[in-house]
Amino acid sequence: MSGNTTTDNGLLRFTTAGSVDDGKSTLIGRLLFDSKSIFEDQLEAINDASKQKGLEGVDLSLLTDGLRAEREQGITIDVAYRYFATPKRKFIIADTPGHIQYTRNMVTGASTADLAVILIDARHGLIEQTHRHSFIASLLGLRHLVVCVNKMDLVNYEEEKYRDIVNQYKSFSSRLDITDITFIPMSALHGDNVVNRSENMTWYGGSTLLHYLENVHVGADRNLQDCRFPVQYVIRPQTDEHRDFRGYAGRIASGIFKPGDEVVALPSEIKSTIKDIYLGEKKLEKAFPPLSVTMTLTNDIDLSRGDMLVRENNQPEKTHVLDARICWLGDKPLNTSSRFILRHLTHEVQAKITDVLYRIDINTLHRDEATKTVEVNDIARISIKTASPVLIDSYRKNRITGAFILVDPSTHSTVAAGVVG
Amino acid sequence: MKNKMEESYNLDHLTELEAESIFVLREVAAQFDRPAILFSGGKDSIVVTHLASKAFAPAKIPMPLVHIDTGHNFPETLAFRDNLVSDLGAHLIVGSVQETISQGKVQEETGHNASRNKLQTTTLIDTIEENKFDACIGGARRDEEKARAKERFFSHRDDFSQWDPKNQRPELWNLFNGMHAPGEHFRVFPLNNWTELDVWNYILREKIALPSLYFSHQRECIKRDGQILSNSNFLQLKENETPEMMQVRFRTLGDLTITGAFESDADNLEKIIDEVAATRITERGGRIDDKRSSSAMEDRKKDGYF
């Protein structure tokens with residue numbers, strides 16, 4: 001890793017999911033290893049631990065299982081974040097466990113990811129878990145999927161076996177909302193097509209996994225059309241030097257903002273014009289996602305946290321009733337008579353769930369309209385009513401303004417993740 | 001493939017990390033009544049402070065800096081801290097481990113490897129309670145240590161400042177849930193997604209000043225258990241140990257008694273970055289406090305450590 005010479009393709013956040021036996025830990029270990037992101041003392045520690053457990057090789061999952069309970073029980077409880085970099089790009093892996101609380105963890109990992117890596121064991125082909133992972137990636141709006149057909153060494157690197165799985169997957173994925181799907185035959189154990197090209201599969205002409213991850217273009221996934229600036233915090237220095245300064249701080253959710261742009265403040269619908277855009281003390285010519293900036297306006301208007309600056313001819317929906325798909329995260333089942341706090345952008349509002357329309361079986365993608373109970377790890381479509389209007393877009397159009405969480409006001413815990421539409 | 005228009009809307013990874021951290025810092029200022037920045041004088045907390053000054057410019061940072069002074073600090077760290085605080089016009093609150101010891105709340109460790117590292121947890125919790133802080137921002141990163149790989153941006157602490165790693169709130173998108181009951185607080189980690197190398201590259205890019213200890217210098221040291229420690233009044237020398245002058249620098253800054261130096265000629269940021277990029281030992285590999293057991297960090301974190 002020659003760190004100071006990163007020719008920057010920026011940051012790529014991706015999620016991996018899988019169970020112990022499909023080679024996920026081996027794959028991550030391989031990526032970290034071959035990009036030299038595992039350190040000697042870490043390697044020494046897991047070497048010792050592997051020996052202590054009487055294992056022959058090095059158990060790379062020991063590297064990712066950070067908590068004592070995880071090491072003791074040999075399971076992964078929670079999403080673990082892993083970092084590695086190559087001269088081309090920095091990567092953040094949200095590594096989610098396959099079994100325990102899989103849906104809750106996968107949804108969490110996918111919420112901030114650009115891309116999902118799905119592993120299929122070449123011997124077994126598509127299994128329930130493959131469907132589950134793919135569906136969640138699609139639900140959470142990931143635009144890119146890499147399907148790694150792993151353990152090719154165990155099927156003699158046969159092209160036909162690989163083709164069969166690719167075709168199976170394609171017929172399944174036509175029901176998903178993901179258009180960019182890449183297939184790679186590999187053996188993570190032996191390193192075929194992970195970082196280095198496979199000599200055993202000369203019939204494969206595509207990229208290795210690392211080459212693909214280094215070069216996949218995710219910048220275009222950002223919404224640059226619909227201008228949305230949720231006000232996060234109002235900066236008023238009240239010093240002699242900046243007596244009248246009133247800056248609206250926030251992170252651009254979508255669209256491109258420039259000084260001189262005419263904007264409308266929501267929900268007040270008062271018009272104004274952007275005077276300056278700052279990052280720290282520096283003035284910017286334009287601001288776009290995901291920059292955190294401070295804007296000043298040409299006139300003083302009433303604008304505070306939870307409000308939004310948009311363009312007059314392109315506005316989000318302002319509503320107090322919405323339909324959404326949620327993943328239930330709470331330990332107790334959803335109680336439709338409860339009140340919740342809906343947190344959306346920088347805004348909090350009281351909400352209640354007025355209807356459970358259907359539950360989605362994430363293994364078969366079937367809609368179950370008969371069952372109205374929603375328990376932990378369930379995905380359901382619901383109707384929500386809020387005490388005051390929220391400013392939303394459909395999640396498909398906007399992954400930032402279309403996402404929300406529900407908080408239980410009695411326990412303060414986050415009980416649901418929701419996507420609008 | 002990519003056209004010029006698109007290209008100009010791509011951000012390099014440091015700018016993207018900066019944007020995320022600034023968002024987190026502003027979210028703390030907005031969601032909490034009495035937030036604070038835990039300032040150790042190390043490079044990570046210096047970067048957090050720099051990000052905070054960018055997040056709230058041209059206003060001053062709207063929260064105090066809190067330093068838990070073990071009494072075993074490098075004098076350079078303290079001088080640096082005082083300069084920075086006066087430059088920023090920030091408010092500094094110091095919690096003293098010496099006072100906690102004098103009050104009889106904790107017992108000083110004895111022996112050659114005695115350290116005040118564990119004791120500072122009590123002082124930290126006392127300082128949080130006295131000042132009624134409801135959010136404490138720290139410079140910890142997920143890449144530092146395996147127990148931290150599962151840390152949240154907003155990490156909940158109960159009324160006893162304890163962390164329950166098995167029962168953390170799920171954290172989705174950038175929707176941070178800071179709701180809490182009276183007496184509970186949050187630890188917040190804006191640098192979660194940064195690596196050591198990111199921090200150094202950012203320091204170079206932003207020209208952030210650092211304590212001189214990070215740069216190669218001559219220092220009187222002793223070698224102990226494969227580590228190089230700075231000789232000081234706080235260190236009990238063993239019989240066979242004789243201090244010698246060495247050309248060293250520090251990779252992290254903790255207490256004088258536990259922070260290992262290493263031999264290095266890196267006397268500027270570019271050289272340090274080359275060195276960090278090439279090095280094959282983790283940053284905390286030089287910290288005796290982490291070596292006590294494989295769960296040393298998790299156990300200290302559960303009790304309320306940084």
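Chain A is the first sequence line, chain B the second, and so forth, proteins listed ahead of strands; every chain is numbered from 1.
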Okay, side chain of N177(B), backbone of H412(A): is any donor-acceptor separation there less than 3.5 Å?
yes
Is L291(A) close to chain B through its backbone or its side chain, or both, or neither, when contacts mean heavy atoms under 4.5 Å?
both
Spell out, as yes or no, whether a donor-acceptor pair under 3.5 Å connects the side chain of S292(A) to the backbone of A19(B).
yes
Check each atom of I92(A) against the heavy atoms of chain B and say whether the ones under 4.5 Å are side chain, backbone, both or neither.
side chain
Pairwise distance CH2(W173(B)) to CG(L140(A)) - rounded to 0.5 angstrom
5.5 Å
To the nearest 0.5 Å, how far apart are NZ in K90(A) and CG in L14(B)?
8.5 Å
Exercise: identify the closest heavy-atom pair between I235(A) and P58(B)
CG2-CD, 4.3 Å
Closest non-hydrogen atoms of G250(A) and R26(B), given as atom of the first, atom of the second and distance, are N-NH1, 3.4 Å
Contact origin within R152(B) toward chain A - heavy atom pairs under 4.5 Å:
side chain
Please report the shortest heavy-atom distance between L11(A) and L17(B), naming the atom on each side.
CD2-CD2, 4.2 Å
Could you tell me if N193(B) and Y83(A) have a donor-acceptor pair between their side chains, going purely by distance under 3.5 Å?
yes
Do the charged groups of E27(B) and R251(A) touch, with an N to O distance under 4.0 Å?
no
Region of E16(B) that comes under 4.5 Å of a non-hydrogen atom in chain A
both
Non-hydrogen atoms of Y9(B) and F288(A) that approach each other most closely:
O-CE1, 3.3 Å
With chain B, which of I400(A), T346(A), I256(A) has the greatest number of heavy-atom pairs at distances under 4.5 Å?
I256(A)
Please classify the contact of L12(A) with chain B as side chain, backbone, both or neither, using a heavy-atom distance under 4.5 Å.
neither
Donor-acceptor contact present, side-chain Q232(A) to main-chain F23(B), <3.5 Å:
yes
Let's test your reading of the structure: which of L279(A), V218(A), I252(A), T239(A) forms the most heavy-atom pairs below 4.5 Å with chain B?
L279(A)
T414(A) vs E171(B) side-chain heavy atoms within contact, under 4.5 Å:
no
Do E241(A) and K60(B) meet the salt-bridge criterion of a basic N to acidic O distance under 4.0 Å?
no
Among T108(A), V234(A), V107(A), which residue forms the greatest number of heavy-atom pairs with chain B at distances under 4.5 Å?
T108(A)
Electrostatic pair E20(B)-R13(A), nearest N-O below 4.0 angstrom
yes
Here the gap from T112(A) atom OG1 to L172(B) atom CG, rounded to the nearest 0.5 Å, amounts to 8.5 Å
Go through the atoms of N192(B) and report whether side chain, backbone, both or neither lie under 4.5 Å from a heavy atom of chain A.
backbone
Closest contact, heavy atoms only, L175(B) versus L345(A):
CD2-N, 3.5 Å
Which atoms of T294(A) are under 4.5 Å from chain B, going by heavy atoms: the side chain, the backbone, both sets, or neither?
both
Flag for R169(B)-T411(A): side-chain donor and acceptor within less than 3.5 Å:
no
Is V293(A) in contact with chain B via its backbone, its side chain, both, or neither, using a 4.5 Å heavy-atom distance?
backbone
Can you name the nearest heavy-atom pair linking L11(B) to P290(A), along with the distance?
CD1-CD, 3.3 Å
Which one of E281(A), E348(A), R399(A), K286(A) has the most heavy-atom pairs closer than 4.5 Å to chain B?
K286(A)
Top of R305(A), Q238(A), R343(A) for chain B proximity - count of heavy-atom pairs under 4.5 angstrom:
R343(A)
Can K54(B) be said to sit on top of Y278(A)'s aromatic six-ring, NZ or CZ under 6.0 Å from centre and within 45° of the ring axis?
no
When you look at CG of D87(B), are more than 12 heavy atoms from neighbouring residues, nucleotides or ligands closer to it than 6.0 Å?
yes
